[in-house]
Amino acid sequence: MNYYIGIMSGNSLDAIDVVLVDFSEDKTKILNSYSHQIPRSIREKVISFSCDASIKELLSLDYEFASLSACAVNHLLTITKIPRSEIRAIGSHGQTLLHRPELEQPYTLQVGDPNIIATLTGLNVVADFRRKDIALGGQGAPLAPVFHKYIFRGKGLATFIVNFGGIANITCLNSKNEIELGFDSGPGNILLDLFVQNYFNCDFDDGGNIARSGVLLPSLLEKMLQDKYFLQRPPKSTGRDDFNLEWLTRFSLENFRDVDILHTLTHLTAITVVNDIKRYAEFGDIIISGGGVYNCFLCEILKTYSNNFTVVSSQEYGIEPKLVEATAFAYLAKIHIENKIVDMSKITGAVSPYKMGVFYPGLTKDLSKYNLTTPVNL
C-alpha cells in the first residue's frame with residue numbers, strides 16, 4: 001500500500017485537519033479523516049503574534065502545535081486501525097505565523113516542530129515546505145497547485161481551482177492540464193471570521209446567513225478594492241500579516257452597520273477571486289474547495305460574478321472541500337519520498353526546480369516505550 005497522512009491548519013484557525021490517503025495505483029483515496037479543534041487560547045496567541053513576540057512565545061507555540069498535530073494523527077490511526085508500519089510519511093504544513101516573501105530579507109515562519117510530531121507518532125515526517133522556495137527567490141506559496149494538477153483533470157477548457165481557506169488561492173490550468181499560474185488572490189475566510197468573532201461573538205458566519213441579512217456598501221467595496229495587493233500581478237502570496245483587524249480599521253467602519261460590513265466583505269472575497277480569474281480567461285471551469293465552500297452566501301455571490309464560467313465544488317471530483325489542503329500535503333510528502341523535483345517557477349517564481357520539503361525520520365525503537373496518547377487538549 002501507498003499510505004500517507006496530511007496535516008493542515010490554515011489561516012482560518014478553525015481546526016487541525018488530518019487525512020489518511022491511499023495513493024496506490026495512481027489514485028487518490030481518502031481512507032479517513034479527523035479534525036481536531038484548536039483551543040481558543042492557542043488561536044488567540046496566533047492571531048496576536050507579531051515580530052515583536054518573545055522567543056519564549058514562539059517556542060511555546062511551536063511545541064503546542066506539534067503536540068496537537070501528533071495527537072490528531074494518533075487519534076486518526078486509532079479510529080482507522082491502519083498499522084503505523086504501513087504509513088510511509090506524514091506531510092505537515094505547520095501553522096503560519098508570519099509570511100513576508102516580498103522583503104529584501106524575505107521570510108516565512110510556521111510552527112509545529114516536525115521533530116516532535118515524528119517522535120510522538122513514531123512516523124516519518126516531511127515538513128518545512130516553504131523556506132527553500134523563498135531561498136530560491138519564490139513566494140513560498142501557494143504550494144497546493146502541484147496537487148491540484150494531479151487531482152483535478154480539466155475538460156478541455158481553462159480550469160481554475162479556488163481554495164477558500166483563510167486566504168484564497170487560485171490554480172490556473174490550461175486546456176492541456178498544465179499549470180499556467182498559481183497565486184493567492186487575497187482574503188478567503190480570514191476577514192469574515194475575524195469580523196464575526198469580534199462583532200457577533202461567534203466563530204464564523206454559518207452558511208453566510210449573517211452576511212446575507214445585510215446590504216452591499218458599494219463605496220466601501222470600491223475603497224477596499226484599491227488595496228495594492230489586489231492590483232498586483234502574480235507571482236504573489238499573502239497572509240495574516242496583510243489581512244487582519246488592523247487592515248479593516250483603515251476604512252472608518254464606525255459609519256456603517258455591522259451586518260452591511262460583513263455583507264460587503266463577503267462580496268470582496270468573491271470579486272477579488274473572479275477579477276483575477278478574468279484576467280486570464282473569458283470562460284472555463286471553476287472548482288472551489290476549502291472551508292469557504294460551506295458559506296452558501298459566498299458561493300452564490302461567486303457564481304453571480306462568474307458569468308461564462310461553470311462553478312462546481314471539489315466534491316464533484318470525489319474530494320471533500322475541507323480536506324483538499326490536508327490531502328495536498330499528504331501528496332507533497334509522497335513526491336518528496338519519491339525524490340521528485342518540482343518546477344515552481346510559474347507558481348511562486350522560484351528560479352530553480354527543487355525537491356519539496358525536509359525529511360524528519362520517525363522513531364525506530366519500540367514505540368511501546370513512548371507515550372503516543374498525549375492528552376488531546378493542552
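Computed from heavy atoms alone, side chains included, the values below leave out hydrogens, waters and symmetry copies.
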With the threshold set at 4.0 Å, does a side-chain nitrogen-carboxylate oxygen contact exist between R233 and D276?
no
Quickly, which of R250, K236, R100 forms a salt bridge (Lys or Arg N to Asp or Glu O under 4.0 Å) with D242? Name it, please.
R100
Any cation-pi pair here, K334 with F23, using under 6.0 Å and within 45°?
yes
With a 4.0 Å cut-off, would you call E178 and K149 a salt bridge?
no
Exercise: identify the closest heavy-atom pair between L20 and L76:
N-CD2, 3.7 Å
Pair E338 + K340, salt bridge at N-O below 4.0 Å:
yes
Report yes or no: do L98 and L103 belong to one cluster of Ile/Leu/Val/Met/Phe/Trp/Tyr joined by side chain heavy-atom distances under 4.5 Å?
yes
Test item: side-chain donor near acceptor, R88 and N124, under 3.5 Å:
no
Would you say the side chains of Y150 and H148 form a donor-acceptor pair under 3.5 Å?
no
Any side-chain donor-acceptor pair under 3.5 Å between T327 and E325?
no
Which residue pairs satisfy the ring-ring contact (aromatic ring centres under 6.0 Å, His included) criterion with at least one member in residues 78-103, sequence neighbours excluded?
H93-F329
My understanding is that only one of L220, L253, V259 makes a side-chain contact (heavy atoms from CB on, under 4.5 Å) with T264; could you say which?
L220
Taking the six-membered ring for Trp, are Y199 and F195 parallel (under 30°), tilted (30 to 60°) or perpendicular (over 60°)?
parallel
Full working for side-chain contact (heavy atoms from CB on, under 4.5 Å) between F65 and I16:
CA-CA 9 Å; F65 258 95; I16 295 176; 4.0 Å; yes
Quick check: does any side chain N or O of K29 sit under 3.5 Å from a backbone N or O of V21, one acting as donor and the other as acceptor?
no
Taking 4.0 angstrom as the limit, do D133 and R130 come out as a salt bridge?
no
Checking side-chain polar atoms at under 3.5 Å, does K355 have a donor or acceptor matched by the opposite partner on N339?
yes
Smallest separation among heavy atoms of W247 and N244, with atom names:
N-OD1, 2.9 Å
Does a donor on one side chain sit under 3.5 Å from an acceptor on the other, for D17 and S35?
yes
Quick check: is L97 connected to L245 through a chain of hydrophobic side chains (ILVMFWY, heavy atoms under 4.5 Å apart)?
yes
Output, in order, the C-alpha distance, side-chain angles, deciding distance and verdict of salt bridge (charged side-chain N to carboxylate O under 4.0 Å, His left out) for D193 and R43.
CA-CA 12 Å; D193 290 348; R43 293 207 310 264; over 6 Å; no
Could you tell me if the ring centre of F297 sits under 6.0 Å from that of H263?
yes
Between I117 and G112, what is the shortest heavy-atom contact and its length?
CD1-O, 3.8 Å
State which residues pass salt bridge (Lys or Arg N to Asp or Glu O under 4.0 Å) with D260; sequence neighbours excluded, sorted by chain then number.
R257
Taking all atoms of both residues into account, what is the closest heavy-atom pair of K278 and Y305, and its distance?
NZ-O, 2.9 Å
Distance alone, cut at 3.5 Å: any donor-acceptor contact between the side chains of E57 and S54?
yes
For a quick check under 3.5 Å, do N295 and R212 share a side-chain donor-acceptor pair by atom type?
no
Suppose we call two aromatic rings close when their centres sit under 6.0 Å apart. Are F309 and F283 close by that rule?
no
